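To start, the structure under review is shown below, and the notes come after it.
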There are 4 protein chains.
Amino acid sequence: MTPLCKRWSRRKEARPQEILEAALAQFVQKGFSATRIEDIAREAGVTRGTPYLYFANKEEIFKAVIRELLLPQVTLAAERVADFSGCAAELLRELVQIWWRVMGETSLSALPKLMIAEGSNFPEVMDIYEREFVLPGQQLFRRVLELGIASGEFRQVDIDQTINVLVAPIVMAMLARCGNVPCGQMAADPDAYLNAFIDVTLGGLLARPD
Amino acid sequence: MTPLCKRWSRRKEARPQEILEAALAQFVQKGFSATRIEDIAREAGVTRGTPYLYFANKEEIFKAVIRELLLPQVTLAAERVADFSGCAAELLRELVQIWWRVMGETSLSALPKLMIAEGSNFPEVMDIYEREFVLPGQQLFRRVLELGIASGEFRQVDIDQTINVLVAPIVMAMLARCGNVPCGQMAADPDAYLNAFIDVTLGGLLARPD
Amino acid sequence: MTPLCKRWSRRKEARPQEILEAALAQFVQKGFSATRIEDIAREAGVTRGTPYLYFANKEEIFKAVIRELLLPQVTLAAERVADFSGCAAELLRELVQIWWRVMGETSLSALPKLMIAEGSNFPEVMDIYEREFVLPGQQLFRRVLELGIASGEFRQVDIDQTINVLVAPIVMAMLARCGNVPCGQMAADPDAYLNAFIDVTLGGLLARPD
Amino acid sequence: MTPLCKRWSRRKEARPQEILEAALAQFVQKGFSATRIEDIAREAGVTRGTPYLYFANKEEIFKAVIRELLLPQVTLAAERVADFSGCAAELLRELVQIWWRVMGETSLSALPKLMIAEGSNFPEVMDIYEREFVLPGQQLFRRVLELGIASGEFRQVDIDQTINVLVAPIVMAMLARCGNVPCGQMAADPDAYLNAFIDVTLGGLLARPD
DNA sequence: AATGAATGAGAATTCATTCAT
DNA sequence: TATGAATGAATTCTCATTCAT
């Protein structure tokens, strides 16, 4: 049963996915240009020619990683993130934590690194990224902020800018998870980091009792 | 024979610097691997062979960009950032604003992007970056936090983690300045963004009067 | 389980022939090197692996096309061409017309194109071609010329060279039939072309009455 | 003076021409697809990379061979061919002989072989070939035929078809010169072949005295 | 017998680097 | 100093061929 002496095994259905996962790992580690097709193939356990059975060229592999591996997860994740209730403060806390669980702790955390590093070489992908990841993410925070301000729970703040203030530390945590982003403690204990983040931020948003 | 056009006056001392600046621009735009020596040469107004008169190879150009172009500025910038006084809240505000002026609005803003994108391919550079940029930056915030907590101005917070919470939005703003990092409003009006950041963060740090 | 669709009835004996015909069509269209095995397979209605059940490799397919598909037809054709009678002028006319019918208008017309294009890459095939196609063809014309000269019907001409003068326009017509040989009118109306050819040539061969 | 120990010599002006000539030789010998860039490079005395300094890719080399090496010669040759006078018979004789000298005996003789073998893979080149080589060539013969018929020197013949009858043997001689086109005697003694051709053809065209 | 996924040798192309000028 | 033609190693990509199914 074990393919010990087999030269290869046929995995038509699984292959594309396997190749994309291997490609993701390599792209995150080395960047697009520095990743050789052979690196991807080896990581996927196949040989040089196999990726070309499923993808036209290296660029298409990159696009497929984003479009077929990462963005579909974004949608799934977004649905779960959108599912919460409570007062604005609880919502914010929950939003950050769910986000982290479904985006930060999964392979999705690679997305910001890839786009920062390679986005300018793939403008179309960048557009998709903005449309399907950045904007929806901002919307989630916008909703919470608007809710909190409307209910008087939060102070009046510049919503457009505050959104980004809230997003930044989470994205940084995602970047830190990709390794080799030097923010020592952040990567070491993400939960402590996120708690500190929620603590400070929520403190800054809540309307003073007086 | 006489130097007809002034612009061709040989500035041999200036050449290496010019090449490094050209290289920085290209590396930020395209990444290390995707940047061809000829791209750098053209941007610097010289031809293919010239960079090799001053640098051993492409890798050394990258290292020189970090070591000779960016990190010395970090030191200069750090000195100016360190020069402030007042209460902790004022210090924090001032720290963020000076930082932005000396790092965010200059070519130094390229540093985080380069290290995120290429750091894993240049571990030694990464080390230097951490030692000479990340740690000193964290120290500045640590000092402010410690000061504020000691004086009772700030709440008791987890200093190690809060440092990173404070650094993250500034680094994100630096990334946004490198172009093609999709955080719309942030890049459009950095000052408004930084104000929102200080506003929320300071609110979150200040001890409640009650 | 029962052969639902008749068209899938296995014609194992027919397969090699079908593959060779597909190969011929592709080789004529694209040339040997530019033809992929998959092109041949698709044209034959089979898949990549099937040609290898019948032929060792691509080169053997080429040789088989010549040896097994074309040259046997040459023999058949030559027999029919050899079967004629009458005075030398009639013989010549008949020879040209039968040749055209059995070689020009059939797949045999591909042979000269293949040999011109690929002959130098297949010296052994070239030898066979010369031995089994060129020489026999020349012999036919030699016979007619010798007959006509002997009977006084034709002028004394340099037989060896005149043979080639007679063969050339027929071969050109065969080339023209393979498409993409730019001799407009020739391919458009081969009969008119061959009549003009016989008309001029015969006029040039006949001994003047005076 | 002799570059014995030089790794290479700089020949910016001469290189493209040298590469095209090398390419022509290789394409004629092996065909386009079967010719490797390295074959061309070696024949030109350079290394793999050098052709790419002057041509974008192999296809462009092929096109340049036709457009820049061969067709300009066609123009030169056509001018010399057009320069003749005398009665129609003399004109025809002269036309064939000059054509042979300026096209058959030069590298131009490669043109028909290249177009027969590769034309269908390069339709645009085929069009140029037809426009700049085939049609002008046909015009020359048309002129002679029209002249001869008008003057009563030649019989009434189907001009459109007869043109091709006249062209065919010359083109065959050009093909034979490219080697490996199996028409034994033709290539061995082209002059004898052409004389036989003129002899027969002219005999067939001249109006009978009676 | 036939399939078609997988292989891997080989060809095209790129580009960092050298060095004669 | 600077140039840029030339090199050749490295990489992408193709496709003839194999072989488990």
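Just so you know, these numbers come straight off a predicted model, no measurement behind them. Letters A, B, ... mirror the listed sequences (proteins, then strands); counts begin at 1.
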DNA chain E contacts among residues 29-58 of chain A, heavy-atom distance under 4.0 Å: A:Val46, A:Thr47, A:Arg48, A:Gly49, A:Thr50, A:Leu53, A:Tyr54

Calculate, to the nearest 0.5 Å, the distance between atoms [atom1] and [atom2] belonging to [X] and [Y] respectively.
X	Y	atom1	atom2	value
B:Thr47	B:Arg42	OG1	CZ	11.5 Å
C:Lys30	C:Asp39	NZ	CG	4.0 Å
C:Arg67	C:Leu70	CZ	CG	12.0 Å

Flag side-chain contact, heavy atom, 4.5 Å: [X] against [Y]:
X	Y	value
A:Val125	A:Met115	yes
C:Glu38	C:Gln26	no
D:Glu21	D:Leu24	no
A:Ile128	A:Ile66	no

Tell me: [atom1] of [X] to [atom2] of [N], nearest whole Å?
X	N	atom1	atom2	result
A:Ile61	F:dT12	CD1	C1'	11 Å
A:Glu13	F:dT21	CD	C1'	14 Å
D:Glu60	E:dT13	CD	C1'	14 Å

Report the residues that fulfil ring pair (Phe, Tyr, Trp, His ring centres under 6.0 Å) with A:Phe62, sequence neighbours left out, ordered by chain and then residue number. A:Phe27, A:Phe32, A:Phe122

As a check on the pairing definition, encode DNA chain F in dot-bracket form, counting Watson-Crick and G-U wobble pairs whose two distances are under 3.5 Å, and using | for partners outside this strand. .||||||||||||||||||||

